[in-house]
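Residues take their numbers from the sequence shown, with the count starting at 1.
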Amino acid sequence: MSTPQPTAPANPQKARTGLNRIWHAAGYSLEGLRAGWGEKAFRQEAIAAIVLLPVSLWLGRSWVEVALLAGSVVIVMIVELLNTGIETAIDRIGPEWHDLSKRAKDMGSAAVLLALLLCVGIWAGAIFQRITHG
């Protein structure tokens, strides 16, 4: 009886190591950002980030405040990408209505809402502090 020969992984990324793996992973990440740019909500959030990230440097009084302000903006973008990934995977399964598909999409949408509320709360607090304390 012969010994089974190892087969190549279905995903070639799994076989890569070191800098080669990092290089390819960076390429996949850039492709994900390009795909995200094709989504209206992500594009709006990215444009807002172009404005808000520099403003966070002015509004924040310490590196911690700047990190909270900028980080909250980036978190919204991260959650939006994850939500889009969930929606895309669900749509890949099939176009028919299913309770679990709706539930997954609704929870992804709720995650975006919570991230937006967190961001608005942090920014509102920082602006309030700047106005009332000079």
Margin query: More than 12 heavy atoms of other residues, nucleotides or ligands under 6.0 Å from CD1 of I47: yes or no?
Written below: yes

Notebook entry, point to check: Just wondering, more than 12 heavy atoms not from R103 lying within 6.0 Å of its CZ?
Noted result: no

Cluster overlap [X] with [Y], hydrophobic side-chain contacts below 4.5 Å:
| X | Y | answer |
| --- | --- | --- |
| V112 | M77 | no |
| L68 | V55 | yes |
| V73 | L118 | yes |
| W37 | L52 | no |
| W58 | I131 | yes |

Notebook entry, point to check: Would you say R43 and E39 make side-chain contact, with heavy atoms under 4.5 Å?
Noted result: no

For the student: nearest non-hydrogen atoms of [X] and [Y], plus distance:
| X | Y | result |
| --- | --- | --- |
| E65 | L59 | OE1-O, 4.3 Å |
| P54 | A49 | CD-O, 4.0 Å |
| V66 | G60 | CG2-CA, 3.8 Å |

Note to self: I'd like to know if the side chain of W123 and the backbone of L69 have a donor-acceptor N/O pair within less than 3.5 Å.
What the structure shows: yes

Checklist line | Expected output: side-chain Q129 to main-chain G125 donor-acceptor under 3.5 Å | finding: no

Tell me which donor-acceptor pairs under 3.5 Å the side chains of residues 79-93 have, and how far apart each pair is, sequence neighbours excluded?
residue, atom, partner, partner atom, Å
N83, OD1, S109, N, 3.4
T84, OG1, E80, O, 2.9
T88, OG1, T84, O, 2.7
D91, OD1, K105, NZ, 2.6

